[in-house]
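Here's the structure we're looking at; comments come further down.
What you are looking at is a predicted structure, and each value in this text was computed from that prediction instead of being measured. Just the heavy atoms: all of them, side chains too, but no hydrogens, waters or symmetry mates, feed the values below.
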Amino acid sequence: MPDPRSVLVVGAGLAATQTAAALREQGFDGRLTVLGAEGVAPYDRPPLSKHLLDRPAPEWLSDEIGVDLSSLADETAYDEPARTLVVHDEGATVTTDRRELTVDVVVVATGARAVRPAGWDHALTLHTAADAAALRSRLVPGARLVVIGAGWIGGEVAGVAAAAGLDVTVVEAAPAPLAGPLGARIGALAARWYDEAGVRLVLGAQVAGVSADAVTLADGRRVPADVVLAAVGARPATAWVADALPRERDGSLRTDESFAVLGPDGPLPHVRAVGDVALRRSARHGWVPGGHWDGALHGPAEFAADLLRPGDRSPGDRAPYVFSTMLGHSLTLFGLPAPDDEPLVLGDPAGPEGWSARWYRPGTDTVTAALTVDRPREVSSLRRLFAAPTLPALPRP
C-alpha cells in the first residue's frame with residue numbers, strides 16, 4: 001500500500017491516543033481524524049476500579065502520560081460514534097450519524113464494553129467514567145454491596161469498598177477467585193485475602209437472578225444487596241463493524257503481529273485493530289487477547305512503524321503484562337498461562353514476604369507466564385526475562 005495520506009482512528013481511549021502519538025512521532029503528516037463515543041477527552045481506566053472512591057474525577061491521559069490527543073489530530077469528535085464500516089480496495093469508509101468518512105486506513109480502537117447478562121437490569125457495571133460515577137454515588141458507608149465476579153475488577157472494587165466501610169459480598173461461579181486468568185490452583189491462594197479484608201466470598205455459586213434488593217443464587221440462597229455490581233468480564237466493542245471484518249465469537253478481531261486485521265486471504269492493508277479489540281498473533285504465546293492497559297499503551301508503536309515503513313523491521317512481540325492492586329496486595333503477571341500449563345508456587349503464600357508463581361509447558365522447562373505477589377523487586381527482572389525473542393527456560397526448583 002502506498003504511504004497513507006489519511007487515517008481515521010475509531011475510539012478515543014488509551015489505544016487511540018497512543019496511535020495518534022506513534023503516527024506523528026514516526027513521521028505521519030497526513031490527515032488524522034479521531035472519533036469517540038463517550039463525549040469526553042481520553043482518560044485512564046485503571047483508576048476507575050483501583051481508586052474508585054478516592055479519585056472521583058477522571059485522570060486525563062494528557063496529564064497521566066503527557067499526550068494530548070486533540071493537539072495531534074486534525075479533528076477530534078469525542079461524541080460521534082462510528083455506526084458502519086465498509087472496506088474497499090483503496091481504503092475504507094466509516095459512517096456516523098452525521099456523515100461518511102472515506103480514508104486510506106481505519107484503526108479500530110473502540111475498546112470493550114462491560115458484560116451485563118440478560119435479566120440483570122438492576123446490576124451496575126464498571127468500565128467507563130460514567131459507570132464509575134454512578135457506582136460511586138451508591139457506595140455509602142454501611143451499604144450492602146454484592147459483587148458478582150471475583151476477577152480483576154471484582155477483587156479491586158471489593159477491597160476498596162470494604163475499606164470504606166461497606167458490607168461486601170463477592171459471588172463467584174468458579175471454584176476460586178481469579179480462576180480465569182490464573183487457573184483455579186493459583187487463584188485459590190487469593191481466597192484468604194477476601195476474609196482478611198472483611199469481604200465475604202461465595203465460591204462455586206451460579207447467579208439465578210438479580211433484583212433491586214438481592215442476588216438470588218441457583219441453589220436458592222438469597223444475598224441481600226443495596227447495590228449490585230456485575231464484574232463478569234468485558235467484550236470487544238466491535239458490533240458496529242458488523243460483517244465488514246471477520247469477528248471472533250467474543251467480538252475480537254484477529255490481527256497479525258503488526259495489528260493488521262486478518263481477512264480470509266491474509267492481512268487487510270487498510271484496517272488495523274489495537275487495544276481491547278485485537279486478538280494478536282504471537283510467535284511465543286499463540287493468540288494474545290487485548291483487554292489490558294499495557295497492550296493499548298505499547299501496541300500502537302508497533303503497527304505505526306509497519307504502516308509507515310512496511311518491511312523495514314520485524315514486528316515486536318511484547319509479552320502480555322497485567323498489574324493489579326486488590327485487597328491489600330500487589331500483583332504483576334507476565335506472559336499468558338495456558339489451561340494445561342503446570343503451575344509452580346515459589347515462596348509462602350501465607351507469609352509476610354510475598355510469593356510468586358511460574359507456569360511451565362508440560363514436561364519442559366519453558367516458562368509461559370510468571371506472577372509476583374507483593375514482591376516489587378522481582379518485577380524488573382521478570383520484565384527483562386520476558387523481553388527475549390523466545391519464552392524463557394528456567395530449571396524447576
Side-chain angles (χ1 to χ4, degrees), residues 10-11 13-16 37-38 45-46 48-49 81-85 87 106-120 123 125-128 131 148-155 172-174 177-184 187 206-207 229-257 259-264 267-268 271-282 285-296 299 303 318-322 324 333 335-341 368-369:
V10 184
L14 177 61
E38 291 185 50
R45 293 192 189 276
L48 297 182
S49 55
R83 299 303 186 191
T84 64
L85 171 68
V87 181
V106 167
V107 179
V108 182
T110 38
R113 299 187 186 280
V115 172
R116 178 163 47 197
W120 292 18
T125 57
L126 179 57
H127 189 73
T128 68
D131 293 339
I148 305 174
W152 301 117
I153 299 297
E172 170 59 53
L178 295 173
L182 304 183
Q206 296 285 341
V207 171
L229 173 66
V232 292
R235 297 290 182 270
T238 58
W240 67 277
V241 310
D243 296 329
L245 301 173
R247 295 191 295 151
E248 300 300 299
R249 292 185 63 182
D250 67 351
S252 59
L253 303 172
R254 286 186 187 260
T255 76
D256 67 8
E257 294 81 355
F259 297 92
V261 173
L262 294 173
L268 301 174
V271 187
R272 305 281 171 141
V274 69
D276 293 353
V277 299
L279 183 63
R280 174 178 61 87
R281 187 171 60 199
S282 164
H285 300 283
W287 294 101
V288 176
H292 296 294
W293 188 88
D294 189 69
F303 88 72
R318 294 182 63 86
Y321 164 66
V322 184
S324 178
L333 175 67
L336 190 65
D340 60 346
D341 286 344
T368 60

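Applying the side-chain hydrogen bond (donor to acceptor under 3.5 Å, both in side chains) rule to R113 yields no partners; only residues at least two apart in sequence or on another chain are considered. Take R247 and apply the salt bridge (charged side-chain N to carboxylate O under 4.0 Å, His left out) test, not counting sequence neighbours, and it matches no residue. Not counting sequence neighbours, the partners of R83 by the salt bridge (charged side-chain N to carboxylate O under 4.0 Å, His left out) test are D97. T368 meets the side-chain hydrogen bond (donor to acceptor under 3.5 Å, both in side chains) test with D341; sequence neighbours excluded. Listed by chain and number, the residues in a salt bridge (charged side-chain N to carboxylate O under 4.0 Å, His left out) with D250 amount to none (sequence neighbours excluded). Applying the salt bridge (charged side-chain N to carboxylate O under 4.0 Å, His left out) criterion to R254, with sequence neighbours excluded, gives E248.
Using a 4.5 Å heavy-atom threshold, the side chains of D131 and L48 count as separate. Side-chain contact between L333 and L182: present, with at least one pair of heavy atoms (C-beta onward) separated by less than 4.5 Å. For the pair T128 and R45, the minimum side-chain heavy-atom distance is below 4.5 Å. With a 4.5 Å cut-off on side-chain heavy atoms, V10 and V108 do not count as touching. For the pair I148/W120, a side-chain contact is recorded, criterion being any heavy-atom separation below 4.5 Å from C-beta on. Within the 4.5 Å cutoff, the side chain of L245 has heavy atoms near those of the L268 side chain. In this structure, the side chains of V232 and P117 come closer than 4.5 Å at one or more pairs of heavy atoms. Considering only heavy atoms from C-beta on, R280 comes within 4.5 Å of F259 through its side chain.
Counting all heavy atoms, side chain and backbone alike, V261 lies closest to R272 at CG2-C, 4.0 Å. Among all heavy-atom pairs drawn from P337 and P181, the shortest one is CG-O, 3.8 Å. For the pair P246 and L253, the tightest heavy-atom approach, listed with the atom from each and the gap, is O-CD2, 3.6 Å. Scanning all heavy atoms of the two residues, the minimum distance from A112 to H127 falls at O-NE2, 2.9 Å. Contact record, T255 with A278: CG2-CB, 4.1 Å, taken as the closest heavy-atom pair. Minimum heavy-atom separation, T110 to A237: OG1-O, 2.8 Å.
Atom CG of D243 has 12 or fewer heavy atoms from other residues, nucleotides or ligands within 6.0 Å.
If you take CG on D294 and CZ on R318, they are separated by 5.0 Å, rounding to the nearest 0.5 Å. Between the OG1 atom of T125 and the CZ atom of R116 there is a distance of 5.0 Å, given to the nearest 0.5 Å.
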